[in-house]
Amino acid sequence: MSYNPNEIEAKWQKKWDKEKAFEARESKGKKKYYVLEMFPYPSGKLHMGHVRNYSIGDATARFKRMQGFNVLYPMGYDALGLPAENAAIKNKRNPKEWTWEKIEEMKKQQEMLGFSYDWTRMVATCDESYYHWNQWFFLQLLKKKLAYKGKAKSNWCASCGTVLANEQVEDGNCWRCHNPVAEKEFEQWFLKITDYADELLKDLDKLKDWPQRVKTMQKNWIGRSEGVEVYFKEKDSGKVIPTFTTRPDTLFGVTFVVFAPEHPLVTEFVKGTELEADVKKFIEEVKGQSLIDRLAEGKEKRGIFLGKYAINPVNGEVVPIFAADFAVLEYGTGMVMCVPTHDQRDFEFAEKYELQKRIVIQPKDKALDAFAMEKAYVEEGVLVESGEFNGLKNTEAIKKISKWIEKKKIGKRTVNYKLRDWLISRQRYWGTPIPIIYCEKCGMVPVPEKDLPVKLPANAPFTGEGNPLDKVSAFVNVTCPKCGEKARRETDTMDTFVDSSWYFLRFCSPGDKKAMFDKKKASYWMPVDQYIGGIEHAIMHLLYARFFTKALRDIGMIKFDEPFTRLLTQGMVLKDGEVMSKSKGNVVDPTVISNSFGADTARTFIISVALPTKELEWSDKGAEATFKFLRRVYEFVDSNKSMFGKGKIDKKRLSSADRLLLSKANRTILQVTKQMAGFEFNFALSEITRLFSAVQKAENADKNVLDFATRSLVQLLAPFAPHLCEELWQKLGEKGFVSLSNWPKGNEKDIDRKAEQAEEFLDGIVEDVRHIKELAKIEKPQKIVLFTAPAWKWMAIPIAAKACEKRPDIGAVLKALMQNGEMRKYGKEVQGFVKALVPRLVLLKEAEKIDEIVVLKEAHPLLEKIFGCSIEIESADKSTHPKSRNAMPLKPAIFME
RNA sequence: GCAGGGAUAGGGAAGCGGUCAAACCCGCAGGCCUUAGGAGCCUGUCGCUUAGUGCGUUCGGGGGUUCGAAUCCUCCUCCCUGCACCA
């Protein structure tokens, strides 16, 4: 029988399902392990990134299961969001129907690939029973004052009367009607993530098993900065202008002040002056740009003078006030004190508008000249022209000036975060309705918990204009829960990031009707032990999920601080150096691979190409090689069934070839186990491949050894190619699932690395057998020590010489060789010489001419072992080494007692 | 623009101070096996050279540190990811 993946895969998928092989149950006696992949948006089609993500996750889940953990490995769908609504507008489809159809399509593909999910725990966020708890949690946050209403700007298309997502703005225009998009301010809902800014930052330290880069990104995103608020004053009115700065050391160099254009004071300042019209025009221009446009790349800084002046409280200087687009209302106070000599943005602005510059920090080694500068000087230095602070190092000055400002009451120390509160309002249909009712009498009234969930109405009109929910009167017009009078329902829905910020908890008790999740079950399974997903979620999703976890802890639902113990961010799947995307037309459909070669090949291949964390460049050709490998494994086991023994291995009676195979099997097991734990899946596969070649080559091997090697191989391969391995496991006479078998144990004692290495050498020189005779003329020594690769090439000779002195029996050979003239030179040549020598000696051994070969990989630790003495090598590092440039240190310090 | 990550042989991808002309996979070339092979096995695959070997030039580009750099530092170029121009 030849390898038929389709048949095998269907067979085992059915069996797993029938015997509920992967259903997870809480069990106190067993150690739990929660493996989770970032759940997908159900687009209906799996792409390579998904397959990669799930292949990594499934391998992990299966490995942990085999290691005896009680594994929870669920799958769900992040099913609310824009695409369903777009489909509704475009194809006149009902978003709910459309979404469920896509979920089914997606699930089917996942099942075909044989991932070991516990499907009984499937969750879809568009399910009322799921978003019910979004609403419930929102109400809890409201109670805690962690949800509030505030003003926020959105992209607004006037002609469609619709709020647009960033994605729906194309070059500043509406994607539907192509009219320009503006910003418009609305009352919208926020979650107060900033209350947790400090904790979110601090707890990053607890996340020992997160990639450093993700932590760095989050840290920068939270952006805690300590600084001071300095109170400038407007010259005429005396109005206080608080500006935030992290560089109080530059305060004496302020030459102008800048306001965010939207700042209310801007219009106030120019009211009734001749500048009013121009300033208004400027503000409109800035506002007229969509958010996207304003952030566009390479934009020149623009501003306008407001005709007013501010007094610098530290030195009484009077400086002009501008409105400028590079000041952001939401950060700090929206007002910035500008020091063009020591801040690059300020510098560019000053250059453009020909404003004054004054240097207040001088570097040690050179003197800056304000007129000659080509960019701002932002490094360290010593203060000048700064009154009583002259001569201080600027790092010192920051502390001293901050204190001084507080003392003089012209400002105060503050902490600022880049992190802003989370705007969750979306003016769209396909999201969780925000459970709020507005009553004319009672004002804003939360929907009582007993009335949850607030369900999405089934029959909303999808025209692409406005929010469909606004048009469903049965949804909008309600009675006030408090007074019973007529009232209006909130029609904003929630950002879908809300759904994805706690779904991992829902998996612990997916059907729960009474609560967001079962506290006991959650406390058993959580936190997630291994989370796996794309680097593109490094900030937002992961930060929101961390925030929710902390908020849930504070309302008593859970008792831990962080949701994900370990995080693996998988690399992107690229094609021709670019991300696969429809617009680029370079999408490779993973089902094509699985249809022609089977799921096992698709999964094993994608795992074998690159380290999970690295980018993966897709190539169609490689899959075939993986298929061939799997087929060879199949055929080998299938055709050799009768050759496998069942008995115990009798180590005393093994031939050297058998011992070698046993050694390889054991070493591979240990190696692969280590690599699995470290997510070095591609290396693990390459080890498995090597073991297979050894197994395949082992003719006339001891049946029991062969059986052990083969059996182990099947188990090691099972996390990657589970269907094939189940089939082989059965062929090997096993009754249960290999997926639930015990991970093989390697025995360190059975490993003979030296023998293996010797064999590796031998492998490479089959062609040279004819030289044996020639070489065999050398007399039989007792022992040979080889220095194949001394850690320090130039030490090879001295070490060898010392060795000769200590052990004449070894030395004899080396001496002879040196006298032979071949070891005259230092460095590379020694290696070359040794390389040439090794194969010959191996062959000699095969010919029984010598007793033993010791191959030294690192010269000195092994020397220690052999001679039983300590060898110190004074390493040639900077501290100990003479400065001499060209002189090679020919006298390495080797001390042998 | 800000923040984070990359660039290694024909392609992909390891290596991250001396064991590196650089694992592994694909491609390509030769041999074996075969009626045949798009199957399998073996060998070779930077250039020149050898019986073994040796020599020369390489790890995006320039500079630097070191006895020694693909590996560390610095500048530059290009690519990817996220974004809220964050003072």
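Every chain is numbered from 1 and lettered A, B, ... according to where its sequence line falls, protein lines coming before strand lines.
Look at rA36(B): it lacks any Watson-Crick or wobble partner with both distances under 3.5 angstrom. Pairing for rU53(B) is absent, judged as Watson-Crick or G-U wobble with the two contacts each under 3.5 Å. Pair assignment for rC67(B) gives rG18(B), based on Watson-Crick or G-U wobble hydrogen-bonding distances that are each under 3.5 Å. rC41(B) and rG31(B) make up a base pair, with Watson-Crick or G-U wobble contacts both under 3.5 Å. Base pairing annotation: rA3(B) forms a Watson-Crick or G-U wobble pair with rU81(B), both donor-acceptor distances under 3.5 Å. Across every strand in view, rA13(B) sits unpaired, with no contact that passes the Watson-Crick or G-U test at under 3.5 angstrom.
Within 4.0 Å (heavy atoms only), T246(A) reaches sugar-phosphate atoms of the nucleic acid but no base atom. V609(A) comes within contact range of the sugar-phosphate backbone alone, with a heavy-atom separation under 4.0 Å but no base atom that close. Using a 4.0 Å heavy-atom cutoff across all strands shown, A538(A) reaches no nucleic acid atom at all. Note on R631(A): only backbone sugar-phosphate atoms sit closer than 4.0 angstrom, heavy atoms only; bases stay farther off.
Rounded to whole angstrom, the span from the CG atom of L542(A) across to the P atom of rG82(B) amounts to 14 Å.
Partner of F629(A) under the ring pair (Phe, Tyr, Trp, His ring centres under 6.0 Å) criterion, out of F720(A), F636(A), F692(A), Y634(A): F692(A) alone.
At least one donor-acceptor pair under 3.5 Å links the side chain of R52(A) to the backbone N or O of G571(A). Here the side chain of N312(A) pairs a donor or acceptor atom with the backbone of L251(A) at under 3.5 angstrom.
In this structure, the nucleotide among rA39(B), rA23(B), rA84(B) sitting nearest to the side chain of W221(A) is rA84(B). Of the candidate nucleotides rC16(B), rA84(B), rA87(B), rC16(B) has the atom nearest to the side chain of K614(A). Counting only heavy atoms from C-beta on, V336(A) has its side chain closest to rA87(B) among rA87(B), rG40(B), rG4(B). Comparing rG4(B), rC24(B), rA39(B) by their closest approach to the side chain of R213(A) singles out rG4(B). Side-chain atoms of E536(A) lie closest to rU81(B) of the nucleotides rC41(B), rU81(B), rC24(B).
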Which donor-acceptor pairs under 3.5 Å do the side chains of residues 536-543 of chain A make with protein atoms, sequence neighbours left out?
unit_1	atom_1	unit_2	atom_2	d
H541(A)	NE2	Y531(A)	OH	2.7

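Remark: K418(A), L419(A), R420(A) in residues 411-424 of chain A come within less than 4.0 Å of RNA chain B through at least one heavy atom.
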